[in-house]
Structure formats: structure tokens, C-alpha cells
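Below is one structure, written out as C-alpha cells, with a few remarks after it.
What you see is a predicted model, and the numbers here were worked out from it, not measured in a lab.
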Amino acid sequence: MTMTEQSAKPAEEETVRCAHHDGHGPGSSAEAPESPRERVNRRWNEVLQETRVTQTGVQILFGFLLSVAFTPLFRELGTVDHVIYVLTVVLGASATGSLIAPVSIHRFLSGQRMKDEVVETACRLMMCGMVLLALTIGCTLLLILRFVVPGVLAEVLVGAVMLWFGLCWYVLPLRLRRRAARRSPSDDA
């Protein structure tokens, strides 16, 4: 017996939480209902796919950032740009840690019948990693644009890009979630 099959009440609460997190749940679609075990396995597979995509991007970006310090032009950067660079590398390393952590957690806890906890923790780490990745990209862009574009235009462009990231990565999904939540009660009637 797995943790997801131990009692009916936690399974019901998990159904509500899963529906809240990923849009799958009672009234959200015409698909056949999932058992708690099927749901946690599906969610874990989704986390794995998302991790593969984000890990590749953050690792390429982080590798690029590490190589910048060894270029001849790096010595010509001013103090502010060196601070931005250090902040960017720290954010990139933190994003890498957050986005790779689900793999380590899974490896350590595999076979311990803790998949529910592993999936929830992995989802939180992915969200944290995405925030850190967005900040890393913003700082990288700021560092490059300060070198290429004169004046305040670099900061304005970075602000616009970060606003776009915020809208695409956070505001749009939250808006879609809210819209789906408003429709759910009417679907049950």
C-alpha cells in the first residue's frame, strides 16, 4: 500500500491540490478520473520533462557566464559591471542547483514510498529555479546591454524584457488558473 492509497481523506485533499496546481481534477476536463497513484506518476513525469528543458538552458547559460571572466574584455569592465557579473554567476549557480535538485531528491528517496512528497518538493524547487533563471537572464542581459548600449537605454530594455518574462511565466499562468477556477463551479452544476 502506497502513501497515496492509505486513506480517502488525504486522497481527496490531494485531488483538490493537484487540480489547483495543474488543472487536472474533478470538472476540469472530460478525461477519465485518475487514481491518486496515476496522478502522482503523471505529475512526476511532467516534472521530469520540465526539468530536462530548464536544466539544458540554465547549464548552457551558466557555462557561458563562467567563460566570460576569462576573456580579455572582462578586465576592462568597471566595478558596477563586475558586481553585476558576480550577482549573475551566483544567481545562475543557484538556478542550476534548484533545477537539478529534483533529480538528487528522487535518487535519494527512490523506493521510500514518498513520491507525493518528492513531487511537491520538486514542483516548489522548479518554481524557485524558474525565478532564479529569470533573474539570471535579466542580469546577463543587463551586463551585455550595458556594454553595448549607451546610457539608461540598457536598463529600460532589461526592464521591458523582465516585464515580458513576468507576464509570460507568471501572470499568464496565474490568470489561466483563476479563469479555470471560476469555470469549475459552473461545470459541476
For a quick test of your reading: what N or O donor-acceptor pairs under 3.5 Å do the side chains of residues 73-81 make, sequence neighbours left out?
unit_1: Asp81; atom_1: OD1; unit_2: Arg146; atom_2: NE; d: 2.6
unit_1: Asp81; atom_1: OD1; unit_2: Arg146; atom_2: NH2; d: 3.4

### Task
For Ser98 and Ala95, indicate whether the former's side chain and the latter's backbone hold a donor-acceptor pair under 3.5 Å.
no

### Query
Counting N and O atoms only, with roles assigned by atom type, does the side chain of Thr54 sit under 3.5 Å from a partner on the main chain of Thr51, one being a donor and the other an acceptor?
yes

### Message
Is there a path of hydrophobic side-chain contacts, each under 4.5 Å between heavy atoms, that joins Phe108 and Ile100?
### Response
no

### Query
Could you give the distance from CG (Leu157) to CD1 (Ile144), rounded to the nearest 0.5 Å?
12.5 Å

### Message
Given 3.5 Å as the limit, does a donor-acceptor pair link the side chain of Gln59 with the main chain of Thr96, or not?
### Response
no

### Query
In terms of hydrophobic clustering (I, L, V, M, F, W, Y; side-chain heavy atoms under 4.5 Å; direct or indirect links), are Val83 and Leu91 co-clustered?
no

### Least distance between heavy atoms, Gly138 atom then Met162 atom
CA-SD, 3.3 Å

### Message
Between Ile137 and Thr140, is the side chain to side chain contact (heavy atoms under 4.5 Å, CB included) condition met? List the steps.
### Response
CA-CA 5 Å; Ile137 292 170; Thr140 303; 5.6 Å; no

### Distance in Å, Thr88 OG1 paired with Leu135 CG, rounded so as to fall on 0.5 Å steps
9.5 Å

#### Entry: Salt bridge Glu46-Arg42, side-chain N to carboxylate O under 4.0 Å
yes

### Query
Which pair of heavy atoms, one from Cys123 and one from Val47, lies closest together, and at what distance?
SG-CG2, 3.7 Å

## Note on the structure
Rounding to 0.5 Å, atoms CD (Glu34) and CZ (Arg43) come to a distance of 10.0 Å

### Message
Quick check: closest heavy atoms across Trp44 and Pro102, and the distance to 0.1 Å?
### Response
CH2-O, 3.8 Å

### Query
So how far is it from Asn45 CG to Glu50 CD, rounded to the nearest 0.5 Å?
11.0 Å

### Audit row: Tyr170, Val131, side chain to side chain contact (heavy atoms under 4.5 Å, CB included) steps and yes/no
CA-CA 9 Å; Tyr170 304 103; Val131 169; 3.4 Å; yes

#### Entry: Reported CG-to-CG distance for the pair Leu125 and Leu132, which is rounded to 0.5 angstrom
10.0 Å

## Note on the structure
Looking only at heavy atoms, the pair that brings Phe62 and Ala93 closest together is CE1-N, 3.5 Å

### Summary
So CG of Leu109 and OG of Ser104: to nearest 0.5 Å the spacing works out to 8.5 Å

### Message
Go through it in stages, so that I can follow the logic: the residues are Thr136 and Leu61, the test is side chain to side chain contact (heavy atoms under 4.5 Å, CB included), and I'd like the CA-CA distance, side-chain angles, deciding distance and then a yes or no.
### Response
CA-CA 9 Å; Thr136 303; Leu61 179 59; 3.6 Å; yes

